[in-house]
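No hydrogens, no waters, no symmetry mates; every other heavy atom, side chains included, goes into these values. Numbers here simply count residues along the sequence, with the first being 1. Being a predicted model, the structure only gives us computed values, none of them experimental.
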Amino acid sequence: MNISGPAPIATVQRPDESTLALRLNQRFAAEVLQVSGDRAILSVEGVQIVARMTSMEQASQLIERRFAQFVVRDLSESSVTIQLLSQGKSTGQLASTQAPEFIPNLLKFAGLPVNETTEMIARALLSNQLPVTVELVTEMHTLLMQEAHWDQNTAQLAAALKAAGIPLSLGALALAKSDFPALVEMVTSLQTKLETIQQSNVPAITKELAKNAIELLRQLVVSLGDKSEPLKTNLQDVFRILGTPIEKELAKFVIKGEQNPVLDATGKSLMTLAVLRRYLSTNPSQRGLVNEIDRFLEAARFLQLLNSSTLTEPNQESWLRMDIPLSIAHPGIRAQERQKDLSSAHLRISYSPENEEKRIDPANTHFVVNVDLDEKESIQINVSIAEKRVGMEVFTTTDKTRNLAEEELPGLKEGIETLGYIVQSVECETAKIENESSLGASSIWRSFGEVSVEV
């Protein structure tokens with residue numbers, strides 16, 4: 001946490017000392033190099049300028065951004081005053097509204113050819129807050145040329161993978177292009193279908209495997225009605241099951257020299273579903289269930305892919321992501337009924353930036369929990385921890401939910417302090433909450449063009 005105050009602005013070219021000509025009310029895109037107070041150093045078409053923002057609030061919005069769009073509000077011989085433009089548009093819309101000459105000029109400045117392909121790649125890179133460089137454009141171009149048909153959306157996904165620190169490959173791109181349902185939907189749907197197998201005419205070993213698979217899916221559901229120790233064990237099971245690739249399980253069998261993994265398909269890992277799928281695939285009448293198992297395993301691979309990031313920028317926050325089906329206890333509702341009406345929790349935990357190995361420091365971290373209470377209501381808890389001192393922000397989508405959350409805050413504060421932390425601040429307010437699901441390309445990739453900035 002930097003509390004030393006704003007750094008001094010370095011001397012850079014003034015607008016009248018370069019070939020850059022800004023006009024009143026002109027819109028332009030720029031790279032944000034430095035922010036200090038209400039001033040910002042921007043790179044516009046390769047030229048650095050110092051500009052004054054219309055307010056300190058606007059300047060603060062730039063601190064975590066690498067690229068943004070602005071409009072010139074005031075011009076004088078000695079200064080430029082600019083306003084941050086609201087970006088309540090899709091990524092594609094943002095790219096299309098940039099000044100026509102901006103992207104070609106950016107490509108020329110980088111020494112790259114200007115054509116339809118490079119312009120599409122440059123738009124995708126900028127939309128994901130990545131610089132337009134020879135290395136990045138070449139890497140993107142090499143990957144995309146291996147696709148039979150690709151468009152701007154494909155380029156967006158490839159750039160999003162790169163921005164997330166995931167090595168580019170056709171396999172990674174194929175997973176990113178899949179639009180998976182929420183994990184809670186896949187768990188409940190698959191569990192229902194597996195239960196029907198128990199009554200169908202299939203071999204006994206298939207029924208046994210289906211029973212083990214049902215038990216595996218039950219372990220993926222976290223019950224908020226449990227006491228602390230069962231809840232802790234339940235969460236550990238979720239992370240272990242979803243975080244362990246099938247390939248790792250297969251490697252164990254290879255090392256042991258075992259030929260038949262069915263002996264270990266006991267509901268303890270995703271291997272259970274893989275083995276069940278092998279038995280079901282010989283029965284044409286079970287083709288639908290086989291496809292559903294494939295979809296579930298692909299979703300698990302995608303979640304593992306998101307957590308395999310190794311190439312993040314030094315100042316970029318690296319996250320452990322997990323989607324968790326929740327069973328929320330309600331008085332008078334039996335556990336079997338709660339199992340059919342689950343909620344989704346989307347968890348992000350920040351890794352320690354000071355350690356080369358991916359490690360979460362419980363005394364110094366940042367985590368965000370989003371819970372979809374129903375189709376219309378959500379709640380988000382944003383927790384920052386520094387030297388075991390905790391600051392919490394609770395956001396709800398409605399005033400009714402906020403009032404309920406405020407009633408629970410004393411208990412939440414007490415529970416956190418019981419763990420040895422010091423709660424320094426707690427805020428609760430109503431706000432719009434973005435979907436934080438880790439599954440589905442439309443929900444996971446957050447580019448700067450999708451962030452709504454109030455001006």
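Annotation: side chain to side chain contact (heavy atoms under 4.5 Å, CB included) contacts of Thr397 (sequence neighbours excluded): Glu377, Ser378, Ile433. The salt bridge (Lys or Arg N to Asp or Glu O under 4.0 Å) check on Lys232 picks up nothing, with sequence neighbours excluded. Not a single salt bridge (Lys or Arg N to Asp or Glu O under 4.0 Å) links Glu387 to another residue, sequence neighbours left out. In this structure, Asn201 has no side chain to side chain donor-acceptor pair (under 3.5 Å) partners at least two apart in sequence or on a different chain. In this structure, the side chain to side chain contact (heavy atoms under 4.5 Å, CB included) partners of Ser43, at least two apart in sequence or on a different chain, are Glu31, Leu33. For Glu408, there are no salt bridge (Lys or Arg N to Asp or Glu O under 4.0 Å) partners at least two apart in sequence or on another chain. Qualifying salt bridge (Lys or Arg N to Asp or Glu O under 4.0 Å) partners for Asp294, counting only residues two or more places apart in sequence or in other chains: Arg277. When the side chain to side chain donor-acceptor pair (under 3.5 Å) test is applied to Glu292, the partners found at least two apart in sequence or on another chain are Ser189, Lys193. Legend: residues meeting side chain to side chain donor-acceptor pair (under 3.5 Å) with Ser344, ordered by chain and number and at least two apart, are absent. Under the side chain to side chain donor-acceptor pair (under 3.5 Å) criterion, Asn283 pairs with Ser285, not counting sequence neighbours.
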**Request:** Kindly indicate, with the supporting measurements, whether the criterion side chain to side chain contact (heavy atoms under 4.5 Å, CB included) is fulfilled by Leu273 and Leu190.
**Result:** CA-CA 10 Å; Leu273 288 171; Leu190 188 54; 4.2 Å; yes
**Worked check of side chain to side chain contact (heavy atoms under 4.5 Å, CB included) between Leu84 and Val71** = CA-CA 7 Å; Leu84 184 64; Val71 61; over 6 Å; no
**Asn364 vs Asp361, side-chain hydrogen bond (donor to acceptor under 3.5 Å, both in side chains): CA-CA, chis, key distance, verdict** = CA-CA 5 Å; Asn364 298 276; Asp361 179 5; 3.0 Å; yes
**Message:** Determine whether Asn370 and Phe395 satisfy the following criterion, side chain to side chain contact (heavy atoms under 4.5 Å, CB included), listing intermediate values before the conclusion.
**Reply:** CA-CA 9 Å; Asn370 272 40; Phe395 301 100; over 6 Å; no
**Message:** For Val132 and Leu112: C-alpha separation, side-chain torsions, deciding distance, then whether side chain to side chain contact (heavy atoms under 4.5 Å, CB included) applies.
**Reply:** CA-CA 9 Å; Val132 178; Leu112 290 160; 4.2 Å; yes
**Message:** Is there a salt bridge (charged side-chain N to carboxylate O under 4.0 Å, His left out) between Glu407 and Arg402? Walk through the geometry before answering.
**Reply:** CA-CA 9 Å; Glu407 292 177 6; Arg402 186 196 66 208; over 6 Å; no
**Request:** Begin with the C-alpha distance, continue with both residues' side-chain angles, and end with the deciding distance and a verdict on side-chain hydrogen bond (donor to acceptor under 3.5 Å, both in side chains) for Asp399 and Thr430.
**Result:** CA-CA 6 Å; Asp399 291 337; Thr430 304; 2.9 Å; yes
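Annotation: side chain of Gln286 is in contact with side chain of Ile197 (closest heavy-atom distance under 4.5 Å). For the pair Ile324/His346, no side-chain contact is recorded, criterion being any heavy-atom separation below 4.5 Å from C-beta on. Contact check for Leu217 versus Phe296: side-chain heavy atoms found under the 4.5 Å cut-off. For the pair Thr244/Leu270, no side-chain contact is recorded, criterion being any heavy-atom separation below 4.5 Å from C-beta on. Counting heavy atoms from C-beta outward, Val368 and Val383 have side chains that stay 4.5 Å or more apart. Contact of the Ile385 side chain with the Phe367 side chain is registered, since non-hydrogen atoms from C-beta on lie closer than 4.5 Å. Counting heavy atoms from C-beta outward, Leu220 and Asp237 have side chains that stay 4.5 Å or more apart. Between Met145 and Trp150, some side-chain heavy-atom pair lies under the 4.5 Å cut-off.
Of the candidates Asn115, Thr118, Val134, Leu107 forms a side-chain contact (heavy atoms from CB on, under 4.5 Å) with just one, namely Thr118.
For the atom pair CG (Leu183) and CG (Leu242), the distance works out to 6.0 Å, reported to the nearest 0.5 Å. In this structure, CD1 in Ile360 is found 5.0 Å from CG in Leu320, a value given to the nearest 0.5 Å. In this structure, CG in Leu161 is found 11.0 Å from NZ in Lys177, a value given to the nearest 0.5 Å. To the nearest 0.5 Å, atoms CG (Asp323) and CE (Met186) are separated by 8.5 Å. For the atom pair Glu406 CD and Thr396 OG1, the distance stands at 8.0 Å (nearest 0.5 Å).
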Show the atom names and distances, to 0.1 Å, of all donor-acceptor pairs under 3.5 Å that link a side chain in residues 416-428 to residues at least two apart or in another chain.
unit_1: Glu417; atom_1: OE2; unit_2: Lys413; atom_2: NZ; d: 2.9
unit_1: Thr418; atom_1: OG1; unit_2: Glu414; atom_2: O; d: 2.7
unit_1: Tyr421; atom_1: OH; unit_2: Pro362; atom_2: O; d: 3.0

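For NZ of Lys207, the number of neighbouring non-hydrogen atoms (other residues, nucleotides, ligands) closer than 6.0 Å is greater than 12. When the shell of 6.0 Å around CZ of Phe109 is examined, it contains 12 or fewer heavy atoms from other residues, nucleotides or ligands. Atom CD of Glu116 has 12 or fewer neighbouring heavy atoms from other residues, nucleotides or ligands inside a 6.0 Å radius.
Here the shortest heavy-atom pairing between Ala30 and Leu42 reads CB-CB, 4.0 Å. In this structure, Leu194 and Ala210 approach most closely via the heavy-atom pair O-CB, 4.3 Å. Residues Ala124 and Gln152 come closest through the heavy atom pair N-NE2, 3.7 Å. Taking all atoms of both residues into account, the shortest heavy-atom contact from Ile205 to Tyr279 is CD1-OH, 3.5 Å. Heavy atoms only, all atoms of each residue included: Pro131 and Leu125 are closest at O-CD1, 3.9 Å. The heavy-atom pair separating Leu168 from Ala158 by the smallest distance is CD2-O, 3.2 Å.
A salt bridge links Glu247 with Arg301: the distance from a Lys NZ or Arg NE/NH1/NH2 to an Asp or Glu carboxylate oxygen falls below 4.0 Å. In this structure, Glu119 pairs ionically with Arg123, as a charged nitrogen and a carboxylate oxygen lie closer than 4.0 Å. Salt-bridge check for Lys268 with Glu215: failed, with every basic side-chain N at 4.0 Å or more from each acidic carboxylate O.
The closest donor-acceptor contact from the side chain of Asn234 to the backbone of Gln219 lies under 3.5 Å. Side-chain atoms of Ser384 never come within 3.5 Å of backbone atoms of Gly391 as a donor-acceptor pair (strictly under, hydrogens ignored). Of the possible polar contacts, one joining the Asn307 side chain to the Arg321 backbone as a donor-acceptor pair under 3.5 Å is found.
A donor atom on one side chain and an acceptor atom on the other are not found under 3.5 Å apart for Ser343 and Asp372.
Listed by first and then second residue, the salt bridge (Lys or Arg N to Asp or Glu O under 4.0 Å) pairs that reach into residues 124-145 are Glu139-Lys162, sequence neighbours excluded.
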